[in-house]
Amino acid sequence: MLDGVHAGGEYLLDGTEGRHAGVVQRRGPGERVDVVDCAGVRLVGRVRASGPEGVRVDVDDVVVEPEPSPRLVLVQALAKGDRDEMAIEAATEVGVDVVVPWQAERSVVIWRGERAQKSRVRWIGTVRAATKQSRRARMPLVEQSLDDKGLVARVGATVAAGGVAVVLHESATTPLHQVALPGAGEVLVVVGPEGGISDREVEALTAAGAVTCRLGPHVLRTSTAGPVALAMLADRLGRWG
């Protein structure tokens, strides 16, 4: 989308985004705007003019933001009452790189067949909106949903590649801030549903190489545990420095 754009040039933001900026937000001449391609390229510029065709932008700079390493991955269990979507929305705002829906043993919500595809599309929309709101240049990837077997394999692959997999659990004794973080690969955080992660699931995930951790003295909801953990990890990785 931003191929060939350079500092000192002009860019036409058209389509839905252009209409939103020009008509809904009423962006006027001289106002700063950022245009991103969701893959790490950020155009920084000022509005020259806006109209029915969109917003014309004078480009001040084009910045390529490198892909973060290690990547922060949130495995979010499906939860009722849109608490899972609340979790991925906040996680996007704090810096998650990959979101993985998880059909946990105690998940009340079930994704199957056509519903699974529609639900994943809705999650992608939630992540896209949060990416825009938080002005991120990279949009997190929303992977296909996993069952327990698939998650065990995902954890095993992460650990085998030199990454770390963390299962947030209320009975864990190791604080999250004490877990050694890798210099590359992935830091994968597993969050259970409202009813928690079953003993069988914990056993299977730790056998695959995951470690159990606690966040603090209080038990958090499934909608808040992931974002809080990711914020702590982002700070430790120097992303918020």
Side-chain angles (χ1 to χ4, degrees), residues 68-79 81-107 123 126-127 130-131 134 136 138-143 145-146 148 151-152 154-159 161-198 201-202 204-206 208-241:
S69 183
R71 297 196 304 173
L72 292 176
V73 180
L74 172 63
V75 177
Q76 175 63 50
L78 306 183
D82 294 332
R83 292 194 179 278
D84 46 14
E85 291 190 48
M86 292 168 61
I88 64 172
E89 178 181 53
T92 299
E93 294 173 8
V94 301
V96 74
D97 301 304
V98 181
V99 173
V100 183
W102 173 34
Q103 187 75 63
E105 183 177 309
R106 294 175 179 170
S107 289
W123 275 37
T126 298
V127 167
T131 299
S134 54
R136 292 185 56 173
R138 289 185 179 274
M139 176 177 160
L141 172 67
V142 180
E143 294 187 355
S145 62
L146 298 178
D148 283 349
L151 179 55
V152 168
R154 182 75 164 79
V155 166
T158 294
V159 175
V164 171
V166 174
V167 178
L168 300 183
H169 199 274
E170 60 188 41
S171 64
T173 57
T174 302
L176 180 61
H177 68 81
Q178 290 185 3
V179 174
L181 301 181
E186 294 183 339
V187 179
L188 187 148
V189 179
V190 180
V191 178
E194 302 94 321
I197 302 175
S198 71
E201 289 171 325
V202 171
L205 293 171
T206 53
V211 294
T212 57
C213 294
R214 61 179 175 83
L215 287 176
H218 310 298
V219 177
L220 303 183
R221 287 184 179 273
T222 187
S223 56
T224 54
V228 169
L230 291 166
M232 295 172 62
L233 292 167
D235 184 56
R236 288 185 60 191
L237 291 170
R239 294 194 184 188
W240 288 11

Between CD on residue Gln76 and OG on residue Ser145, distance to nearest 0.5 Å: 13.0 Å

Keeping the roles fixed (side chain from Asp97, backbone from Leu72), state whether a donor-acceptor pair exists under 3.5 Å. yes

Hey, could you give me the CD1/CG distance between Ile197 and Leu205, rounded to the nearest 0.5 Å? 7.0 Å

Supply the atom-to-atom distance Thr224 OG1 to His218 NE2, rounded to the nearest 0.5 angstrom. 11.5 Å

For the backbone of Cys213 and the side chain of Thr174, can you confirm whether one donor and one acceptor N or O come within less than 3.5 Å of each other? no

Within the distance-only criterion (no hydrogens, no angle test), does the side chain of Ser107 pair as donor or acceptor with the backbone N or O of Leu78 below 3.5 angstrom? yes

Rounded to the nearest 0.5 Å, what's the gap from OG1 on Thr92 to CH2 on Trp123? Could you check? 10.5 Å

Shortest non-hydrogen separation from Pro227 to Ala90 and the atoms involved: CG-CB, 3.6 Å

Under 3.5 Å, is there a donor-acceptor pair between the side chain of Arg236 and the main chain of His177? yes

Heavy-atom count check: over 12 atoms from other residues, nucleotides or ligands less than 6.0 Å from Arg221 CZ? no

Are side-chain N/O atoms of Glu186 and Thr158 paired as donor and acceptor at under 3.5 Å? yes

Where the side chain of Arg239 meets the backbone of Gly95, is there a donor-acceptor pair that is under 3.5 Å apart? yes

Between CG on residue Leu146 and CZ on residue Arg154, distance to nearest 0.5 Å: 7.5 Å

pair Val127-Ile88: side-chain heavy atoms closer than 4.5 Å: yes

Please identify which of these residues, Val166, Thr222, Val228, meets the side-chain contact (heavy atoms from CB on, under 4.5 Å) condition with Val191. Thr222

Test your reading of the model: is there a side-chain donor-acceptor pair from Asp84 to the backbone of Ala79, 3.5 Å cut-off? yes

If only atom types and distance count, is the side chain of Glu85 paired as donor or acceptor with the main-chain N or O of Asp82 below 3.5 Å? no

Test Met232 against every option in Val94, Leu176, Leu237, Val189 by the side-chain contact (heavy atoms from CB on, under 4.5 Å) rule and name the one that passes. Leu176

What distance do Asp148 atom CG and Glu201 atom CD have between them, rounded to the nearest 0.5 Å? 4.0 Å

